[in-house]
Amino acid sequence: MKVFNTLLGKKEEFLPQGDEVKMYVCGVTPYSDCHIGHAMSYIIFDVIHRYLRFRDYKVRYVQNITDIDDKIIDRAGKLGISTHELAEKYTNSYFADMDALNIGRADIYPRATEEIPKIVEVIQGLITKGYAYSAQGSVYFRVRNVTDYGKLSRRSLESMIAMECAVGGEEKEHPMDFALWKVAKPGEPSWASPWGNGRPGWHIECCAMCLKYLGDTLDIHGGGQDLIFPHHENEIAQSESFTGKKPFAKYWLHNGLLQLGEDKMSKSLGNLITIKEALEKYSPDAIRIFVISSHYRSPLTYSEDALEAAERRVDRLTQAISRQDQTGGKGKALDAEPYRKQFIEAMDDDFNTAQALAALFNLVREINQAGDAGISFEKAQNNLLSMVQEVLGLKLPKPQKISDVGGISSRAAVGTPTVILGTVTARVNRLVEERIDCREAKNWQRADEIRNKLAELGVIVEDTEAGTVVTYKSIPSEGSLDSLMVELCVALSGYAN
RNA sequence: GGCGACGUAGCCAAGUGGUUAAGGCGGGGGUCUGCAAAACCCUUAUUCAGCGGUUCGAAUCCGCUCGUCGCCUCCA
């Protein structure tokens, strides 16, 4: 298995240190709802997480929640609530979004505010070793003491200073020194420390959590490409200086960023679509397929066309999964192994989900061909299902069966309630029965009229080999059905309800 | 200004030195069906932004040009 390591700028063989893969992915700062850029990142790492387990790795997966920082303080202040209250609200919102997208949970979600002792310990250690200094109640990291600072983002201290981008903190020794501990300002939440009351700076919380929950050396550290500098660069500087061990993480994995129109979707630009908004228009499976249709390191542009196409791809998969094998398992059977091999080969090559999907869609075609040719495909179907559900994390919900009466099979489309009033189903069934009679009498015009009128009410009628199938995309009102019956001169006789 | 990524059919998107350039969406034609739906078959890039170069051979390597984007400040 090969992975692209940002640290080396190339793919390399994936060899974790021990039996258990130690994986850390940067989590959220909960001060507002997550947008689909976050969804993209967490879907990608979810697929990586799932694939590692599919390949029989044990994984210990940690993701932080940075529940104290400038933005949280600002936002809470504006809303007149505590930072804790705000952070809890959006942490819950975050978990709800992850669940909706079928993103598997990490093993541990440490919160910055609950890890202050470890954070203080690391800062103290850095001061002792000369990698940090306190100044006016704050503590800064001394970047000059790290000879290889900039190795992840491939830039030098000189080039950073040249851009006069280094800002703030008159008390800093070097413009690029960054805060490990920020002195408390009046009215802000703060914790006691050897340097006075204050709160942790950005970067240090991830470092402390990694060391505490995963040890000195991680196997995988992941996040969006926008975190390479300064966040991950600084994490490396802190951790390696504190432990004296290199590398802090063997493999650095970074996902490309989601674009919306011309720009990156981000909280600061304000051009965002929240996960909740996206889920109002598209299914979770479609959002997942959209994300994994391209390579995780490439940027991806959000567009309605792409999401609609993803929705159609989901339909195609669902269709293949739902198809009934008519052979009873007898005779020749379709062999899915070649496709499973292709799938694994693609995923082994730096999680090439786009190529892996191609293998699955080739298998879909094979299954459909087998079905048309009367060849058994049930085993192949199960094989496909395991890859799609276990690794890609799709749920592929199917329409739920409601009833099967008089040769009319009724089902509720995904997202439509399955409990429907008997008075409604009676009327629909009566109309469908009328249509069946018309078909038998070859009165095609009237049969089609009934089908079209029902479709207008959200009731789809299809004729299959197994008989007529009714799918409720929405549930029509009794009144609208009554009007339709009057219009079509169909009586409800025999369907008293 | 520095660093980096990218430009493949109508759209999304793999491929990154050598058989017919994956897969999906959309379009066109056909099979099946009374007609639809689903499915299947055929079709939709003699060509990979442009121009040079290396090579027996390049979409794939090198150079230049044009265009797009990201990071360098908070960000998944």
Side-chain angles (χ1 to χ4, degrees), chain A residues 6 9 25-29 31 34-45 63 69-71 74 150 153-156 158-168 176 202 222-231 233 254-259 262-269 272 289-290 292-295 297-301 303 305-317 319-320 322-323 342 346 349 352-362 364-365 367-373 438-439 442-445 447-448 451-452 455 460-465 469 471:
Chain A
T6 308
V25 173
C26 281
V28 289
T29 300
Y31 68 93
C34 288
H35 56 73
I36 49 180
H38 296 105
M40 174 180 174
S41 188
Y42 297 122
I43 287 169
I44 285 164
F45 286 104
Q63 197 177 101
D69 97 319
D70 294 352
K71 292 224 183 67
D74 285 354
S153 52
R154 266 169 267 279
R155 56 188 84 184
S156 65
E158 297 72 53
S159 70
M160 297 179 206
I161 304 164
M163 204 28 212
E164 102 269 330
C165 59
V167 287
M176 293 310 292
W202 190 36
Q225 281 171 351
D226 50 354
L227 295 180
I228 294 172
F229 191 90
H231 188 53
E233 195 70 69
H254 291 100
N255 63 274
L257 303 176
L258 190 76
Q259 315 283 132
E262 300 292 283
D263 301 299
K264 177 184 74 167
M265 182 177 295
S266 78
K267 290 185 182 179
S268 53
L269 289 172
L272 46 81
I289 284 277
F290 164 68
I292 64 178
S293 288
S294 71
H295 191 89
R297 281 186 283 117
S298 303
L300 183 62
T301 303
S303 77
D305 284 353
L307 267 300
E308 286 296 342
E311 207 76 75
R312 298 287 80 74
R313 297 185 89 170
V314 172
D315 289 345
R316 188 165 163 78
L317 285 170
Q319 192 74 34
S322 315
R323 197 165 170 152
Q342 286 173 24
D349 183 13
N352 193 333
T353 51
Q355 203 161 59
L357 272 177
L360 297 189
F361 277 98
N362 282 329
V364 164
R365 186 185 305 108
I367 288 172
N368 285 325
Q369 282 173 337
D372 288 358
C438 290
R439 291 187 73 215
K442 298 202 189 305
N443 186 352
W444 309 126
Q445 202 184 338
D448 290 349
R451 183 172 63 191
N452 293 339
I460 308 303
V461 179
E462 291 164 301
D463 305 311
T464 72
E465 277 184 15
V469 177
T471 306

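First the proteins, then the strands, lettered A, B, ... as listed; each starts at 1. This one's a predicted model, so the numbers in the text were calculated from it and none came from an experiment.
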Could you check whether A:Phe45 gets within reach of a base, just the sugar-phosphate, or nothing at all, counting any heavy atom under 4.0 Å? nothing
If you measure from OG1 on A:Thr6 to CD1 on A:Ile228, what distance do you get to the nearest 0.5 Å? 5.0 Å
I'd like to know if the side chain of A:Asn368 pairs up with that of A:Arg323 as donor and acceptor (distance under 3.5 Å, no hydrogens or angles considered). yes
Residue met sooner reading RNA chain B from 5', once A:Asn255 and A:Pro299 are mapped to nucleotides: A:Pro299
Is the phosphate of B:rC40, meaning OP1 or OP2, less than 4.0 Å from a side-chain N or O of A:Asn368? yes
So which nucleotide from B:rC72, B:rC35, B:rG23 ends up closest to the side chain of A:Pro230? B:rC72
Is there a side-chain contact between A:Arg365 and A:Phe361 in this structure, where contact means two heavy atoms from C-beta onward sitting under 4.5 Å apart? no
Of the listed nucleotides (B:rC71, B:rA39, B:rA76), which one gets closest to any side-chain atom of A:Asp372? B:rA39
Does the B:rC74 base have a donor-acceptor partner in the side chain of A:Asp69 within less than 3.5 Å? no
Nearest-neighbour nucleotide for the A:Arg439 side chain, B:rC72, B:rC35, B:rG24 considered: B:rC35
By nearest-nucleotide position on RNA chain B, the 5'-leaning member of A:Ser294 and A:Gly256 is A:Ser294
Side chain of A:Asn362 only, heavy atoms from C-beta on: which candidate in B:rA22, B:rC12, B:rA76 is closest? B:rA22
Measure the spacing between CG of A:Asp74 and OH of A:Tyr31 and express it to the nearest 0.5 Å. 10.0 Å
Answer for the Watson-Crick or wobble partner of B:rC3, both distances under 3.5 Å, is B:rG70
Taking atom types as they are modelled, would you say the side chain of A:Arg451 forms a donor-acceptor pair with the base of B:rA36 within the 3.5 Å cutoff? yes
Taking the side chain of A:Asp448 as its heavy atoms from C-beta onward, which of B:rA76, B:rG34, B:rA13 lies nearest to it? B:rG34
Tell me whether A:Glu233 contacts the main-chain N or O of A:Gly150 through its side chain, where contact means a donor paired with an acceptor under 3.5 Å. yes
Is the base of B:rG70 touched by the side chain of A:Asp226 through a donor-acceptor pair closer than 3.5 angstrom? no
Counterpart base for B:rC51, defined by Watson-Crick or G-U wobble contacts under 3.5 Å: B:rG63
When you get a sec, tell me which of B:rC25, B:rG2, B:rA13 is the closest nucleotide to the side chain of A:Ala309? B:rC25
Counting only side-chain N and O atoms of A:Ser298, is one of them less than 4.0 Å from OP1 or OP2 of B:rC12? no
What nucleotide, of B:rC40, B:rG23, B:rA76, holds the atom closest to the side chain of A:Cys26? B:rA76
Quick one: label A:His295 by what it contacts on the DNA or RNA (base, sugar-phosphate, nothing), any heavy atom closer than 4.0 Å. sugar-phosphate
Which nucleotide in B:rG70, B:rG26, B:rC72 has an atom nearest any side-chain atom of A:Leu257: B:rG70
For B:rG15, does OP1 or OP2 lie under 4.0 Å from any side-chain N or O of A:Asn352? yes
Under 3.5 Å, which N/O atoms of the protein pair with N/O atoms of nucleotides 41-44 of chain B?
| residue | atom | partner | partner atom | Å |
| --- | --- | --- | --- | --- |
| B:rC41 | OP1 | A:Gln369 | NE2 | 2.3 |

With hydrogens left out and only the distance checked, is there a donor-acceptor pair under 3.5 Å joining A:Arg316's side chain and the base of B:rG24? no
For A:Trp444 and B:rG34, say yes or no: do the ring centres fall under 5.5 Å of each other while the ring planes differ by less than 30°? yes
So, does A:Ser159 use its side chain to make a donor-acceptor pair with the main chain of A:Ser156 at under 3.5 Å? yes
Does A:Gln225 reach the main-chain N or O of A:Arg297 with its side chain, forming a donor-acceptor pair under 3.5 Å? yes
Watson-Crick or G-U counterpart of B:rG17, or none if no pair lies under 3.5 Å: none
Assign A:Glu462 to base, sugar-phosphate, or nothing according to its heavy-atom contacts below 4.0 angstrom with the strands shown. base
For A:Gly371, report the nucleic acid contact type (base, sugar-phosphate, nothing); a contact means any heavy atom under 4.0 Å. nothing
So which nucleotide does B:rU31 pair with, by the Watson-Crick or G-U wobble rule with both distances under 3.5 Å? B:rA39
Scan A:Ala358 against the nucleic acid and name what it touches under 4.0 Å (heavy atoms): base, sugar-phosphate only, or nothing. base
